[in-house]
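A short worksheet on the structure shown next.
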Protein chains: 2
Amino acid sequence: MQGNKVQEQRLEQLPVFYMEQIVRRYRQLATQSLKSHHAGVSVDQWVVLKQISENNGSSQVEIGSSTVKDAPTTTRIIDQLVSKNLASKQLDPEDRRRYMVFVTEKGRQLIDRLLPVVQEYRQIPVLGFSATEQKQLISLLQRMLKNLE
Amino acid sequence: MQGNKVQEQRLEQLPVFYMEQIVRRYRQLATQSLKSHHAGVSVDQWVVLKQISENNGSSQVEIGSSTVKDAPTTTRIIDQLVSKNLASKQLDPEDRRRYMVFVTEKGRQLIDRLLPVVQEYRQIPVLGFSATEQKQLISLLQRMLKNLE
DNA sequence: TTAAAATAATTGCAAGTGCAAGGAAATAAA
DNA sequence: TTTATTTCCTTGCACTTGCAATTATTTTAA
């Protein structure tokens, strides 16, 4: 029976299988690290806050596209930052559909304080990787992403 | 000001940044593919169902550990499969804490029907990858995972 | 000028996930 | 035996996320 059996494929041979675990554990690690430093922000909030600071005054869609999050998610995260007084929104007078998003002074201070913390846990997954290996990895990942577009 | 500025790190240099996108798009692709073939099961349900079929009669913790999902998630997915008549649970008479999980005939038929579909979309992310590159990738991912343990 | 289409942001909802807590049964220790 | 610990599974809750629908505004086309 089943003479034409398709070749079996184990989960352990699927890159995505590992990636799911890596992403999950990495997020746990990051969450934990932020918490232990009393960051007061989640991983996503951190990423968006940092991105705002690098594009101060840009719109929510711009923030969203640079962090690769959809519009509703971006809205919600920014609102969380605003309610924590780390960011502020201001209607763009030249296009009243848009909000210009800014980092507050408190937000900037938080960034300065957390930057070294973040830099540190970001290195953990690639501990022991040579520069070449890191580039290789990134390149492979970019190709995968392209395949999925 | 800020003379000792930490070296900036762009999101585009973070492997995890790509992995999140890859995982997300891959899941979308898989979901869509299953739906277009009227699978009637989600991606996670598929993975668990397949895993059950390869370890017929094993307990939920065993299923969970082989798919790397936690106990509550495993319970819920299995219950979904049971309610769809694709799997069945049966108390282990020798250890009445455990349930032995089985694939039903309907479940087995579904697996046979979906296997080629799944095999196909699983190849998409690594299209154009040589065997060597795939091995390299897996190896790098395994090292990352180890770093995170 | 008016109508249609596109864009920015928001809201609501269904579904999934992680985590903590709890119940039942088995095992180990007292 | 009795008690304590461990294991397997389940339940509840808070939180996130993807998706569809909606509003307000701007841009394009008629």
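Protein chains get the first letters and strands the later ones, always in sequence-line order, with residue 1 at the start of each. As a basis for the values below, the full set of heavy atoms in this structure was taken, side chains included, without hydrogen atoms, waters or symmetry mates. Here the structure is a predicted model, which means the values were calculated and not measured.
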* **NZ/NE/NH1/NH2 to OD/OE distance under 4.0 Å, K89(B) and D79(B)** => yes
* Asked: Any ion pair linking K69(A) and D44(A) (charged N to carboxylate O, less than 4.0 Å)?
  -> yes
* To do: Starting at atom CG of L91(A), determine the distance to atom P of dT23(D), rounded to an integer number of angstrom.
  => 19 Å
* Just compare dC9(D), dA26(C), dG18(C) and give me whichever is closest to any side-chain atom of R24(A). => dG18(C)
* **Any Q80(B) side-chain N or O less than 4.0 Å from OP1/OP2 of dA15(C)** => no
* Quick one: on DNA chain D, does I77(A) or D92(A) contact a more 5' nucleotide (nearest heavy atom)? -> I77(A)
* Structure fact -> When rounded to whole Å, the CD1 to P distance for the pair I63(A) and dT7(C) reads 19 Å
* Structure fact -> With the side chain defined as heavy atoms from C-beta on, Q28(B) is closest, among dT25(D), dA9(C), dC19(D), to dC19(D)
* Atom-pair distance (CZ on R97(B); C1' on dC8(D)), nearest Å -> 6 Å
* Asked: Atom OH of Y99(A) to atom P of dT25(D): distance rounded to whole Å?
  -> 10 Å
* Is F102(B) linked to I78(B) within one hydrophobic cluster, defined over Ile, Leu, Val, Met, Phe, Trp and Tyr using a side-chain heavy-atom separation of less than 4.5 Å? -> no
* Does K89(A) place a side-chain N or O at less than 4.0 Å from the phosphate oxygens OP1/OP2 of dT10(C)? -> yes
* Asked: Among the nucleotides dT10(D), dG16(C), dC19(C), which one has an atom lying closest to any side-chain atom of S42(B)?
  -> dG16(C)
* Asked: Salt bridge or not for K50(B) and E54(B), using N-O below 4.0 Å?
  -> yes
* Protein-nucleotide distance (D70(A), atom CG; dA8(C), atom P), rounded to Å -> 14 Å
* **Nearest-angstrom distance from the residue atom CG of D95(A) to P of dA24(D)** => 16 Å
* Asked: Using a cut-off of 4.0 Å on non-hydrogen atoms, how would the nucleic acid contact of T74(A) be classed: base, sugar-phosphate, or nothing?
  -> nothing
* Would you mind telling me which of dC9(D), dA20(D), dA8(C) lies closest to the side-chain atoms of V61(A)? => dA8(C)
* State which residue, out of V47(A), T75(A), L49(A), V48(A), fulfils the side chain to side chain contact (heavy atoms under 4.5 Å, CB included) condition with I63(A). => V48(A)
* To do: Look at T75(A) and dA9(C) and indicate whether a side-chain polar atom (N or O) is within less than 4.0 Å of OP1 or OP2.
  => no
* Starting at the 5' end of DNA chain D, which residue's closest nucleotide do you reach first, Q60(B) or E94(A)? -> Q60(B)
* Rounded distance in Å - CD (Q90(A)) to P (dA9(C)) -> 14 Å
* When the distance from CZ of R76(B) to C1' of dC19(C) is rounded to whole Å, what number comes out? -> 10 Å
* Which nucleotide sits closest to the side chain of R98(B): dA9(C), dC9(D), dA20(C)? -> dC9(D)
